[in-house]
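Here is the structure we will look at, set down as structure tokens.
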Amino acid sequence: MEGVLNLDKPQGMTSHDVVQRVRRASGVRRVGHAGTLDPRATGVLLVCIGRATRLIEYVMGQPKSYTATVRLGQTTDSYDAEGELMQERPFTHLTLDNIQAILPRFRGDIQQQPPMFSALKRNGQPLYKLARQGVEVERPFRPVTISRLEISRFALPELDLIIDCTTGTYIRSLAHDIGEALGCGGHITALRRTAVGAFTAEKAIPLDALTPDSLPAQLLPNDRAVAHLPALTFNEADAIDLLNGRRPARQPNQPAHSIVRAYGEDGRFLGMVMGESGLWKPKKM
């Protein structure tokens, strides 16, 4: 029992809750998710089972897409509706043109400060635990890229956004920062992840549809987790070398990609290998 599940996480569950559900349904202890979703958020949560968990690091870096509802005129300590209301400011004067005018500053390569209510750690302690104690610490700004930021609905006090971004982007911080740029404040009231790389919400499995009987048919092959990376077929001798931890030479006809999906001549997925100094180095076999 191993492979990748594209699940549609329901509202009210943590990502860890989903992992526990998959463990019970699969009977496998070795289960992990590729990218946390807040409990209030819904949508694509990729869960890897068995040996597929070794590929999570390659999934984590995939671009992500979201739809979000921002409530303008109010700020909360968590930047979402779960938090404590901190301030209310006028918003009725805002127009669609006002909002469109400030959005360009949030597109492209930007610096973003993570929220205090996040799983980032300071001295081994998650920031959200410090935030619940009323402690606020410095959070360095981090580079992120927002390739798409569009308005899909404008109905004060609500604003619906469509967002494509790099991994590590906090949509809650984006909503907060847009609210501050407008001078009225804002926080997230609804968030849905619609895609992680090529995995979409349209093809995601509702968690309630996951049962011990249905799970085997819903599993995607391990190599679907890394389908965005280039593939390379190795002859039998080189495949045996890779599986035994040896480093075969890179042949002149082989591309010099830094990391590739390795397959045997029979089409079997071997794992991930890296090109290094004219050799192929086993990474995750």
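Numbering of residues begins at 1 and proceeds along the displayed sequence. Just so it is clear, the values below take in all heavy atoms, side chains as well, and ignore hydrogens, waters and symmetry mates.
- Distance alone, capped at 3.5 Å, places no donor-acceptor pair between the Gln62 side chain and the Val59 backbone.
- Judged by distance alone, the side chains of Asp213 and Thr211 never bring a donor and an acceptor atom under 3.5 Å apart.
- Counting only N and O atoms by type, the side chains of Ser147 and Asp164 include no donor and acceptor under 3.5 Å apart.
- Between the Arg148 side chain and the Cys165 main chain, no donor and acceptor come within less than 3.5 Å of each other.
- Panel note: side chain Asp77, backbone Glu84; a donor-acceptor pair is recorded below 3.5 Å.
- Judged by the 6.0 Å and 45° rule, Arg71 forms a cation-pi pair with Phe91.
- Residues Arg247 and Glu276 are paired through a salt bridge, judged by an N-O separation under 4.0 Å between the basic side chain and the carboxylate.
- A side-chain N or O of Thr53 and one of Arg30 form a donor-acceptor pair less than 3.5 Å apart.
- Of the possible polar contacts, one joining the Gln218 side chain to the Ala209 backbone as a donor-acceptor pair under 3.5 Å is found.
- Atom OG1 of Thr95 sits about 9.5 Å away from atom CD of Gln100, to the nearest 0.5 Å.
- Looking at Arg89 and Glu180, a side-chain N of the basic residue comes within less than 4.0 Å of a carboxylate O on the acidic one, giving a salt bridge.
- Although no hydrogens or angles enter the test, the distance criterion places no donor-acceptor pair under 3.5 Å between the side chain of His228 and the main chain of Ala198.
- For the pair Asp177 and Arg172, the salt-bridge criterion is not met [side-chain N within less than 4.0 Å of a carboxylate O].
- Under a hydrophobic clustering in which Ile, Leu, Val, Met, Phe, Trp and Tyr are joined whenever their side-chain heavy atoms come within less than 4.5 Å, directly or via other members, Met60 and Phe199 fall into different clusters.
- The backbone N or O of Met13 sits nowhere less than 3.5 Å from a side-chain atom of Asp17 that would complete a donor-acceptor pair.
- Using modelled atom types, one finds no donor on one side chain facing an acceptor on the other under 3.5 Å when comparing Ser152 with Asp160.
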